[in-house]
Novice: 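Can you keep this structure in mind? I'll have questions shortly.
Along the sequence shown, residues carry numbers from 1. Quick note: numbers below take in every heavy atom, side chains included, and nothing from hydrogens, waters or symmetry partners.
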Amino acid sequence: MDDLVQWLRAQLDEDERIARAAEGDPVFDGTGIVVERNLAPGFPDRVAGLISPVATHIARHDPARVLREIDAKRQALDHYEECARAGKGGVAAYRMAAGAVAMQIAIMALPYADRPGYREEWRP
């Protein structure tokens with residue numbers, strides 16, 4: 001499980017790097033309307049007028065939201081590690097909690113299963 005936690009933290013680090021690179025330079029204005037930026041020197045930004053499910057989806061997954069999700073997932077990983085440490089102390093309730101939280105971590109890793117390094121043995 002420690003390998004999974006370490007691997008998942010690396011995936012979150014990469015997601016954070018990408019989200020931070022996109023911060024402050026939105027391609028979408030949050031409404032699903034495509035805004036074309038930096039078309040050419042001297043040309044203003046232009047609204048393309050495209051409203052589509054894809055544009056709406058991208059707008060809903062802006063860098064700020066992605067960063068909040070990364071923070072939440074890191075908190076879950078920290079919680080698992082805390083439960084696992086307490087469970088090693090022999091407290092039965094913590095051993096049970098660590099097992100339950102471990103399953104949640106394995107489930108949380110599933111969206112990343114197509115990335116290099118994912119092991120099928122981690123699949124719940």
Side-chain angles (χ1 to χ4, degrees):
M1 191 66 176
D2 291 339
D3 288 345
L4 173 58
V5 170
Q6 182 179 5
W7 179 85
L8 188 50
R9 284 190 189 278
Q11 305 317 301
L12 296 175
D13 290 347
E14 178 65 6
D15 286 355
E16 179 182 24
R17 184 190 66 73
I18 292 168
R20 291 217 182 275
E23 255 182 334
D25 188 19
V27 174
F28 295 89
D29 67 0
T31 65
I33 299 173
V34 177
V35 178
E36 296 179 28
R37 303 236 184 251
N38 304 316
L39 298 172
F43 283 85
D45 293 343
R46 177 180 70 191
V47 176
L50 172 66
I51 301 176
S52 73
V54 172
T56 302
H57 170 76
I58 292 171
R60 293 285 294 250
H61 292 84
D62 67 20
R65 177 178 178 206
V66 170
L67 292 170
R68 288 190 304 271
E69 287 184 17
I70 290 166
D71 181 58
K73 290 174 182 177
R74 285 180 174 152
Q75 287 181 46
L77 291 171
D78 291 345
H79 180 246
Y80 162 73
E81 289 178 328
E82 184 179 322
C83 288
R85 275 191 299 276
K88 287 179 183 176
V91 179
Y94 279 107
R95 283 196 311 273
M96 288 177 49
V101 177
M103 177 59 77
Q104 293 303 310
I105 297 303
I107 292 167
M108 188 171 64
L110 283 174
Y112 300 95
D114 63 335
R115 293 191 182 177
Y118 184 83
R119 299 180 198 164
E120 282 302 312
E121 68 208 47
W122 292 337
R123 190 175 297 276

Novice: Please evaluate residues D3 and R119 with respect to the criterion salt bridge (charged side-chain N to carboxylate O under 4.0 Å, His left out), reporting the C-alpha separation (whole Å), side-chain torsions for both, the decisive distance (0.1 Å), and the verdict.
Specialist: CA-CA 10 Å; D3 288 345; R119 299 180 198 164; 3.1 Å; yes
Novice: Looking only at non-hydrogen atoms, find the nearest pair between Y118 and Y112 and report the distance.
Specialist: CB-O, 4.2 Å
Novice: Would E16 and R74 count as a side chain to side chain contact (heavy atoms under 4.5 Å, CB included) here? Give the steps.
Specialist: CA-CA 11 Å; E16 179 182 24; R74 285 180 174 152; 3.0 Å; yes
Novice: Would you name the heavy atoms of V5 and I105 that are closest together and state the gap between them?
Specialist: CG2-CG2, 4.4 Å
Novice: Starting at CD of Q6, measure out to CE of M1 and round the result to the nearest 0.5 Å.
Specialist: 13.0 Å
Novice: Scan side-chain atoms only and decide if D71 and Q75 contain a donor-acceptor pair under the 3.5 Å cut-off.
Specialist: yes
Novice: Under 6.0 Å from the CG atom of D114, do we count more than 12 heavy atoms belonging to anything else shown?
Specialist: yes
Novice: Can you give me the closest heavy-atom contact between I107 and P124, atom names plus distance?
Specialist: CG1-CG, 3.8 Å
Novice: Measure across A113 and R123 and return the closest heavy-atom pair with its distance rounded to 0.1 Å.
Specialist: CB-NH2, 3.7 Å
Novice: Nearest 0.5 Å, what's the CG-CZ distance between D78 and R9?
Specialist: 4.5 Å
Novice: Are D62 and R68 within salt-bridge range, i.e. N to O under 4.0 Å?
Specialist: no
Novice: Apply side chain to side chain contact (heavy atoms under 4.5 Å, CB included) to residues V66 and I18 and explain how you reach the verdict.
Specialist: CA-CA 10 Å; V66 170; I18 292 168; over 6 Å; no
Novice: Under 3.5 Å, side chain of Q104 to main-chain N/O of A100, donor-acceptor pair present?
Specialist: no
Novice: How many angstroms lie between NZ in K88 and CZ in R85, if you round to the nearest 0.5 Å?
Specialist: 8.5 Å
Novice: Hey, mind stepping through V101 and E81 against side chain to side chain contact (heavy atoms under 4.5 Å, CB included) and telling me if it holds?
Specialist: CA-CA 9 Å; V101 177; E81 289 178 328; over 6 Å; no
Novice: Is E82 atom CD crowded by more than 12 heavy atoms from other residues, nucleotides or ligands, each under 6.0 Å away?
Specialist: no
Novice: Check for me, please, whether L110 and L8 land in the same ILVMFWY cluster - side-chain distances under 4.5 Å, paths through other members count.
Specialist: yes
Novice: Between Y80 and A98, which heavy-atom pair has the shortest distance, and what is it?
Specialist: CE1-O, 3.7 Å
Novice: Please report the interatomic distance CG(D15) to CZ(R20), rounded to the nearest 0.5 Å.
Specialist: 12.0 Å
Novice: Please report the interatomic distance CG(L12) to CE(M108), rounded to the nearest 0.5 Å.
Specialist: 6.5 Å
